[in-house]
Amino acid sequence: MLGNRKKLVVQILRYIISCGLVFFVVKFLLVGDESKPTPKLDDLKKLMIEAESENSKRLLTVRNTCKKYNLGVYKEFNKVSPFKHPPAPQYSVFYIARSRDLSYCPIYKAGSTTWIYNLCLLINVTEEELNSGKEQISTIARRVIPELEFPEADEALRSTKKLLVVRHPFERLLSAYRDKLENSVAGKEHGTLHFYRKYGSKIVEKYREKNFTGPGDNQVIRIKGVLPPAGIEPTFREFVKYLIHTDLANYGDDHWMPYYLFCTPCVVNYDIIGKVETFWRDQIYTIHKLGLQEVIKPRWRHSSGYSNASVIYFSQLNRDMVEKLYEKFRLDFELFNYSPDDYYRYASFT
């Protein structure tokens with residue numbers, strides 16, 4: 001009975017998405033976020049208590065997982081670890097704002113645009129400049145918050161509060177695929193053609209089957225008013241094959257590099273771990289915890305416009321592929337307490 005209900009829910013979600021009705025659901029939930037008021041005093045106190053408790057649990061889960069697998073600063077050299085792990089942080093990826101006592105490791109496709117925008121405001125970049133469209137926000141941010149090298153970077157990381165924001169690993173992978181690889185025509189001024197040439201064409205060449213017919217119409221989302229793909233791009237299924245069969249060290253792009261390799265939470269002692277799933281609350285918590293409320297406000301800088309797109313795209317995969325994809329990212333799942341179970345149900349059985 002329960003299994004039939006879950007199948008029915010999946011079918012309903014697929015129908016809603018395929019009809020485009022989900023746009024209105026997401027618009028209701030997300031589009032108003034930037035103007036949503038910060039909670040009043042009593043509600044803010046409750047939020048801070050709840051978020052503080054949750055943050056402590058998240059930090060503890062990370063520490064316990066790192067210890068469990070003998071990683072990073074918890075490594076005992078007489079014990080073997082099942083994962084290869086960097087011995088030191090990737091200092092160059094951090095935005096370290098020493099004047100504001102804050103260091104941030106940007107997980108791309110996990111609220112990074114919002115937090116890089118916030119950091120720019122903290123360094124006195126005006127909203128007019130950030131919203132002008134003349135430069136990408138990340139370009140502006142790197143100009144005002146340049147990379148630091150060891151040992152200066154190591155000292156700065158130790159002496160500042162450290163923020164990490166994560167997202168369900170499968171949702172982040174799908175978002176990266178849809179944004180960078182699904183359509184080489186739309187958004188080429190923001191790098192989609194570059195991603196096709198660097199990754200997409202090679203993925204297609206290696207993983208496209210001889211009798212390829214493409215995914216079914218109910219296995220992709222086409223956005224009205226956006227140019228369709230040129231037909232040369234990898235499907236989500238082909239992208240997943242690439243992820244499964246490529247060694248992690250050779251992934252080569254930050255948009256799908258595992259969290260534990262990119263932001264090294266077993267080496268860096270983060271103070272705050274936010275999640276996209278609780279993004280609004282976690283922003284308010286972080287801003288007030290760090291005393292930044294006079295300079296920045298909670299905001300949502302980017303949304304794909306669709307919810308539960310995974311129901312559609314994961315139907316391109318069979319369960320075996322989802323299980324293998326999970327194994328590639330298993331440490332991220334455990335570090336941040338995510339589950340793959342729903343995605344097994346989204347997968348087809350062929």
Side-chain angles (χ1 to χ4, degrees), residues 25-56 58-59 93-145 156 160-168 171-172 175 179 263 270-307:
V25 177
V26 175
K27 184 173 182 180
F28 176 76
L29 292 174
L30 289 182
V31 170
D33 269 1
E34 187 157 347
S35 60
K36 195 183 203 178
T38 301
K40 299 300 182 184
L41 187 59
D42 286 346
D43 290 334
L44 179 60
K45 287 180 180 177
K46 292 177 184 177
L47 180 150
M48 293 297 289
I49 292 170
E50 175 189 293
E52 180 76 36
S53 174
E54 182 60 33
N55 187 59
S56 296
R58 291 172 181 176
L59 296 174
V93 307
F94 282 84
Y95 290 90
I96 303 176
R98 285 178 288 188
S99 63
R100 290 294 185 173
D101 187 32
L102 178 60
S103 296
Y104 169 60
C105 186
I107 297 290
Y108 299 107
K109 312 311 298 178
S112 59
T113 303
T114 298
W115 270 108
I116 292 172
Y117 187 98
N118 283 338
L119 282 168
C120 287
L121 293 178
L122 291 175
I123 307 298
N124 299 320
V125 180
T126 65
E127 292 204 58
E128 287 74 17
E129 181 178 355
L130 291 170
N131 296 331
S132 69
K134 294 178 180 178
E135 289 183 290
Q136 290 192 21
I137 292 173
S138 58
T139 302
I140 297 172
R142 264 300 168 228
R143 187 170 64 248
V144 298
I145 311 174
T160 54
K161 295 291 189 295
K162 290 162 284 294
L163 170 66
L164 176 64
V165 181
V166 296
R167 181 182 188 179
H168 192 290
E171 292 295 327
R172 180 244 190 165
S175 180
D179 190 39
C263 288
Y270 288 94
D271 298 278
I272 299 173
I273 295 177
K275 290 189 174 184
V276 167
E277 293 81 5
T278 50
F279 196 76
W280 182 258
R281 186 203 68 183
D282 293 349
Q283 269 195 98
I284 295 172
Y285 168 70
T286 301
I287 289 168
H288 285 264
K289 179 78 172 177
L290 302 180
L292 305 174
Q293 61 269 25
E294 298 302 320
V295 187
I296 57 177
K297 63 181 180 180
R299 66 187 72 234
W300 182 268
R301 294 294 310 169
H302 179 72
S303 172
S304 65
Y306 284 91
S307 175

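This one's a predicted model, so the numbers in the text were calculated from it and none came from an experiment.
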Keeping the roles fixed (side chain from Lys275, backbone from Ile273), state whether a donor-acceptor pair exists under 3.5 Å.
-> no
Here the gap from Thr114 atom OG1 to Trp280 atom CH2, rounded to the nearest 0.5 Å, amounts to 10.0 Å
Interatomic distance, CD1@Ile123 vs CG@Asn118, rounded to 0.5 Å, equals 11.5 Å
Taken to the nearest 0.5 Å, the spacing of Asp282 CG from Leu163 CG works out to 9.0 Å
Q.
I'd like to know if the side chain of Arg167 and the backbone of Lys109 have a donor-acceptor N/O pair within less than 3.5 Å.
A. yes
Fill in: Stepwise side-chain contact (heavy atoms from CB on, under 4.5 Å) test for Trp115 and Gln283
CA-CA 9 Å; Trp115 270 108; Gln283 269 195 98; 3.9 Å; yes
Taken to the nearest 0.5 Å, the spacing of Arg172 CZ from Ile107 CD1 works out to 5.5 Å
| said: Less than 4.5 Å apart, side chain to side chain, heavy atoms only: is that true for Val125 and Tyr117? | reply: no
Between Glu129 and Ile140, the two heavy atoms sitting closest are O-CD1, 3.9 Å
Of all heavy-atom pairs linking Cys120 and Ile137, the shortest is SG-O, 4.3 Å
List the steps and the verdict of side-chain contact (heavy atoms from CB on, under 4.5 Å) for Ser138 and Tyr95. CA-CA 10 Å; Ser138 58; Tyr95 290 90; 4.1 Å; yes
_As a quick check of understanding, evaluate side-chain contact (heavy atoms from CB on, under 4.5 Å) for Val295 and Arg100, giving each step before the final call._
CA-CA 11 Å; Val295 187; Arg100 290 294 185 173; 3.7 Å; yes
> Does a side-chain N-to-carboxylate-O contact under 4.0 Å join Arg281 and Glu54?
Replying inline: no
Review point. Between Phe279 and Arg299, is there a cation-pi geometry (under 6.0 Å to ring centre, at most 45° from the normal)?
Key: no
Looking only at heavy atoms, the pair that brings Glu127 and Leu121 closest together is CG-CD2, 3.5 Å
So CG of Asp42 and NZ of Lys46: to nearest 0.5 Å the spacing works out to 6.5 Å
Is the backbone N or O of Ile49 less than 3.5 Å from a side-chain atom of Ser53, with the two atoms forming a donor-acceptor pair by type? no
Minimal heavy-atom distance between Asn55 and Ile272, with the atoms involved, is OD1-CA, 3.4 Å
Taking every heavy atom of Thr278 against every heavy atom of Arg58, the minimum-distance pair comes out as OG1-NH2, 3.0 Å
Below 4.5 Å, heavy atoms only, C-beta onward: do Lys289 and Lys161 meet side chain to side chain? no
Point to revise | Working for side-chain contact (heavy atoms from CB on, under 4.5 Å), residues Leu292 and Ile287 | key: CA-CA 5 Å; Leu292 305 174; Ile287 289 168; 4.3 Å; yes
Can you classify the ring geometry of Phe94 versus Tyr270 as parallel (below 30°), tilted (30 to 60°) or perpendicular (above 60°)?
parallel
Closest non-hydrogen contact found for Val165 with Ala110 is CG1-O, 3.4 Å
Between the CD1 atom in Ile96 and the CG atom in Asp101, the distance rounded to the nearest 0.5 Å is 11.5 Å
